[in-house]
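Sharing a structure here in structure tokens format.
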Amino acid sequence: MRLTDYFLPTLKEDPAEAQIVSHRLMLRAGMVRQSAAGIYSWLPLGLRVLRKIEAIVREEQNLAGAIEVLMPTLQPADIWRESGRYEDYGKEMLRITDRADRDLLYGPTNEELITQIFRDNVRSYKQLPCNLYHIQWKFRDEIRPRFGVMRGREFLMKDAYSFDIDEASARLAYQKMFVAYLRTFARLGLRALPMAADTGPIGGDLSHEFIILADTGESEVFCHADLLDRPAPEPDYSADLDAVIAPFTSLYARTDEKHEPQIFEAEVSADKQVMARGIEVGHIFYFGQKYSEPMQCRVTGADGKEVAVYGGSYGIGVSRLVGGIIEACHDENGIVWPWAVAPFQIGLINLKPGDAKTDKLSERLYKTLTHKGLDVLYDNRDERAGGKFSDMDLIGLPWQAVIGPRGAVAGEIEVKNRKNGDKQTLDFGAACALLAEPPSD
RNA sequence: CGGGGCAUGGCGCAGUCUGGUAGCGCACCUGGUUUGGGACCAGGGGGUCGCAAGUUCGAAUCUUGCUGCCCCGACCA
């Protein structure tokens with residue numbers, strides 16, 4: 001993409017309304033603009049990141065056997081009355097009335113809707129297990145939205161819903177999502193720690209929050225240091241998942257609300273105690289027959305008897321992750337995107353547009369890299385060098401390729417690693433080879 | 001929802017206390033000089049001062065009401 005053809009409104013100064021670093025950087029890097037409290041428009045650069053995250057989430061869901069659907073943002077109130085949550089949900093739920101005075105709501109979540117779809121279409125245990133997910137915008141009328149897209153009222157979420165014939169198979173569905181989540185966050189360039197979470201009225205051990213560590217995190221977390229270097233499991237969903245998950249669930253890891261200092265002290269030696277702040281980016285939850293009972297979601301079992309299905313739900317805050325990743329990946333000059341979610345992998349700076357040699361070499365590099373399937377943002381603007389460098393650092397593309405009039409004469413390209421600042425001057429072939437791969441730390 | 005704060009050009013702000021017809025920096029446009037980490041000179045465009053009533057000869061400024069946004073707290077992916 002040539003920058004002169006793009007829409008990238010960067011800001012030199014920090015907008016007054018943004019407090020935390022990810023919010024400031026997202027506004028300054030031209031990724032989002034606020035429309036109303038907790039409601040954002042996604043500009044081209046931000047949308048690219050959102051889509052990349054979405055794609056990785058989708059791939060891993062599919063790999064784990066979940067099937068994608070798409071449910072609407074607006075839902076009829078009746079099914080919420082059926083589950084009993086229309087009254088329970090309170091003012092967080094945005095209620096809307098249409099022209100015929102029918103009660104609608106902007107979905108804060110989709111258990112009711114998916115349960116309705118499932119019960120109307122599935123009659124037999126033979127069609128189980130089943131896990132349906134979608135990636136859709138939600139709305140929760142938060143009392144106090146803040147932190148930019150990390151705590152917005154409108155947010156993009158992946159939510160999956162599993163349906164099983166009994167508790168044992170529901171547990172397996174849960175474990176699959178557990179593995180998928182570990183893999184998803186690892187691929188996004190994040191270290192997300194599964195932490196025991198509140199299971200609500202159901203009880204048991206089947207609820208985990210996935211937390212990424214960041215100083216600006218909303219909750220305090222306590223865990224065993226070894227958890228930090230556990231590699232994500234392979235996507236072998238026919239393996240013994242108990243064993244796959246055990247390394248993650250056996251170590252102490254809790255948020256402040258579940259934290260018990262005595263147990264922490266007893267289970268984790270002093271040199272392994274990690275106390276930090278974290279951002280919740282995913283939550284998986286087993287809820288059994290909570291919705292299937294009141295909503296008559298039943299299938300016939302092998303024994304001919306009807307049973308209400310056992311369910312679980314599994315959320316990932318896709319739009320929140322954009323902010324979360326920035327919280328975890330930035331420095332004083334701007335964002336430092338992980339390779340997998342970077343809006344472009346390479347920022348190409350032509351230091352002197354109009355100079356025949358720099359133009360020619362820049363164009364050649366731009367085309368060569370683009371033809372390799374790489375996403376290149378080519379800064380061909382007639383701006384001063386300083387502004388170009390600053391903008392490029394701000395938007396945080398992993399690689400920067402700088403071509404100036406002096407180097408162009410010799411056919412040289414200066415390649416900078418955004419993360420560690422390493423610069424090297426390379427000839428065309430070497431530059432192309434280097435830029436095609438993720439930079440090393 | 002309780003407490004605090006803000007609202008003046010695209011962004012950041014001054015002016016409000018003490019009423020006199022709106023200003024600064026950045027950005028933008030034109031011309032020139034510049035050109036490897038946010039240049040300089042000259043000229044220029046752009047503002048119903050959040051909205052509505054009121055007080056006054058006169059309101060960005062004072063009064064009342066409303067709206068929006070931000071921060072702290074209780075709640076959430």
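Below, read A as the first sequence line, B as the second, and so on, with proteins coming before strands; counting in each chain starts at 1.
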- Query: Which listed nucleotide (B:G38, B:C75, B:G36) is nearest to the side chain of A:Arg151?
  - Reply: B:C75
- Query: Considering only B:G37, B:C70, B:C75, which nucleotide approaches the side chain of A:Phe389 most closely?
  - Reply: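 So the nucleotide nearest the side chain must be B:G37.
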- Query: Looking at the side chain of A:Arg144, which of B:C13, B:C76, B:C72 is the nearest nucleotide?
  - Reply: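 Between B:C13, B:C76, B:C72, the one nearest the side chain of A:Arg144 would be B:C72.
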- Message: I need the NE2-P distance between A:His23 and B:C69, as an integer number of Å.
- Response: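 One finds 12 Å between P of B:C69 and NE2 of A:His23, rounded.
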- Message: Using every non-hydrogen atom in the two residues, find where A:Lys52 and A:Ala340 come nearest and quote the distance to one decimal.
- Response: CD-O, 3.7 Å
- Could you say whether A:Leu394 or A:Glu218 is positioned toward the 5' end of RNA chain B, judged by the nucleotide with the nearest heavy atom to each?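 Nearer the 5' end of the strand: A:Leu394.
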- Distance, P atom - from B:A39 to B:A59, rounded to whole angstrom: 43 Å
- Task: Pick the C1' atom in B:G44 and in B:C62, then give their distance to the nearest Å.
- Result: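 Approximately 37 Å lies between the C1' atom of B:G44 and that of B:C62.
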- Item | Stretch residues 377-386 of chain A: residues that reach within less than 4.0 Å of RNA chain B through a heavy atom |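 A:Arg384, A:Ala385, A:Gly386 - these, ordered by number, are the residues of the stretch whose heavy atoms sit under 4.0 Å from the strand.
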- For A:Glu13, report the nucleic acid contact type (base, sugar-phosphate, nothing); a contact means any heavy atom under 4.0 Å. base
- What integer distance in Å separates A:Ile143:CD1 from B:A77:P? 13 Å
- Item | Candidates B:A77, B:C76, B:G36 - which lies nearest the side chain of A:Glu92 |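 Of all the options, the side chain of A:Glu92 is nearest to B:C76.
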- Message: Applying a 4.0 Å non-hydrogen cut-off, can you work out what A:Gly152 is touching in the nucleic acid: base, sugar-phosphate, or nothing?
- Response: base
- Cut-off 3.5 Å, side chains only: do A:Tyr314 and A:Gln61 have a donor facing an acceptor? no
- Do the rings of A:His259 and A:Phe264 sit parallel, tilted or perpendicular, given the 30° and 60° boundaries?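 Perpendicular, since the angle between the ring planes exceeds 60°.
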- How is A:Glu142 classified with respect to the nucleic acid when contacts are heavy atoms under 4.0 Å: base, sugar-phosphate, or nothing? base
- Would you call the rings of A:Phe287 and A:Tyr291 parallel, tilted or perpendicular if under 30° counts as parallel and over 60° as perpendicular? perpendicular
- Of the nucleotides B:C70, B:C26, B:A74, which one has an atom closest to the side chain of A:Arg146?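 Among B:C70, B:C26, B:A74, the one nearest the side chain of A:Arg146 is B:A74.
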- Message: From C-beta outward on A:Asp391, which listed nucleotide comes closest to its side chain: B:G38, B:C11, B:C1?
- Response: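 The nucleotide sitting nearest to the side chain is B:G38.
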- Task: For B:G5 versus B:G47, give the span between their P atoms, rounded off to a whole number of Å.
- Result: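 Nearest-Å result for B:G5 against B:G47 at atom P: 33 Å.
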- What is the pairing partner of B:G20, taking Watson-Crick or G-U wobble pairs with both distances under 3.5 Å in any strand? B:C57
- Task: Measure from CE on A:Met157 to C1' on B:C76 and round the result to the nearest Å.
- Result: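 After rounding, the gap between these two atoms is 11 Å.
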- Residue whose nearest RNA chain B nucleotide is more 5′ - A:Lys352 or A:Gly387: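 Its nucleotide being nearer the 5' end, the pick is A:Lys352.
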- Item | Nearest-angstrom distance, C1' atom, B:A60 to B:C6 |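 The answer is 15 Å between these two C1' atoms.
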- Query: Of the nucleotides B:C75, B:C69, B:G37, which has the atom closest to the A:Ala36 side chain?
  - Reply: B:C69
- Query: Which is true for A:Gly315 with a 4.0 Å heavy-atom rule: it touches a base, it touches only sugar-phosphate, or it touches nothing?
  - Reply: nothing
- Message: Rounding to an integer number of angstrom, what distance separates B:U55 and B:U64 when you compare their P atoms?
- Response: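 The same atom, P, in both gives a distance of 15 Å.
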- Task: Determine which nucleotide pairs with B:G2, using a 3.5 Å limit on both distances of a Watson-Crick or G-U wobble pair.
- Result: B:C72
- Message: Less than 3.5 Å apart, any donor N or O on the side chain of A:Asn62 or A:Tyr133 sitting next to an acceptor on the other?
- Response: yes
- Task: Can you label the angle between the A:Phe285 ring and the A:His283 ring as parallel, tilted or perpendicular, going by 30° and 60°?
- Result: perpendicular
- Between B:G37 (P) and A:Met392 (CE): distance, integer Å: 16 Å
- Please determine, for B:G31, whether a Watson-Crick or G-U wobble partner exists with both distances under 3.5 Å, and give it or none. B:C41
- Spacing of the C1' atoms in B:U18 and B:C1 (rounded, Å):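 That atom pair is separated by 38 Å.
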- Message: Distance alone, cut at 3.5 Å: any donor-acceptor contact between the side chains of A:Asp393 and A:Gln400?
- Response: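 The criterion, which ignores hydrogens and geometry beyond distance, is satisfied for A:Gln400 and A:Asp393.
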- Query: Do the charged groups of A:Arg51 and A:Glu54 touch, with an N to O distance under 4.0 Å?
  - Reply: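 Yes.
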- Message: Taking the minimum atom-to-atom distance to the side chain of A:Leu351, which one of B:G36, B:C76, B:G37 wins?
- Response: B:G36
- Task: Report yes if a donor N or O on one partner sits less than 3.5 Å from an acceptor N or O on the other, where the partners are the side chain of A:Glu17 and the base of B:G12; otherwise report no.
- Result: no
- Among B:G12, B:G37, B:A77, find the nucleotide with the atom closest to the side chain of A:Asp393.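 Minimum distance to the A:Asp393 side chain belongs to B:G37.
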- A:Lys91 near the nucleic acid: base, sugar-phosphate alone, or nothing, with a heavy-atom cut-off under 4.0 Å? sugar-phosphate
- Using a 4.0 Å heavy-atom cut-off across all strands, classify A:Gln19 as base, sugar-phosphate, or nothing.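 Answer is sugar-phosphate: A:Gln19 comes under 4.0 Å of backbone atoms only.
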- Task: Could you work out which one of B:C69, B:G12, B:G38 sits closest to the side chain of A:Pro15?
- Result: B:G12
- Nearest-Å distance once atom P is located in both B:G10 and B:C51: 13 Å
- Message: Which residue is it: A:Met150, A:His330, A:Arg320? I am looking for the one with a side chain to side chain contact (heavy atoms under 4.5 Å, CB included) to A:Ser22.
- Response: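 The option that passes is A:Met150.
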- Message: Is there, by distance only and without an angle test, a donor paired with an acceptor across the side chain of A:Asp14 and the base of B:G12 below 3.5 Å?
- Response: no
- Message: From CD1 of A:Ile395 over to P of B:G38, roughly how many Å is that when rounded to an integer?
- Response: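 It works out to 18 Å between those atoms.
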- Message: Does the structure show a Watson-Crick or G-U wobble partner for B:U48, both distances under 3.5 Å? Name it, or say none.
- Response: none
- Query: Between B:A53 and B:G58, how far is it from one P atom to the other, in whole Å?
  - Reply: 15 Å
- Query: Are A:Glu111 and A:Ser313 linked by a side-chain donor-acceptor pair shorter than 3.5 Å?
  - Reply: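 A pair is found: one side chain offers a donor N or O, the other an acceptor, under 3.5 Å apart.
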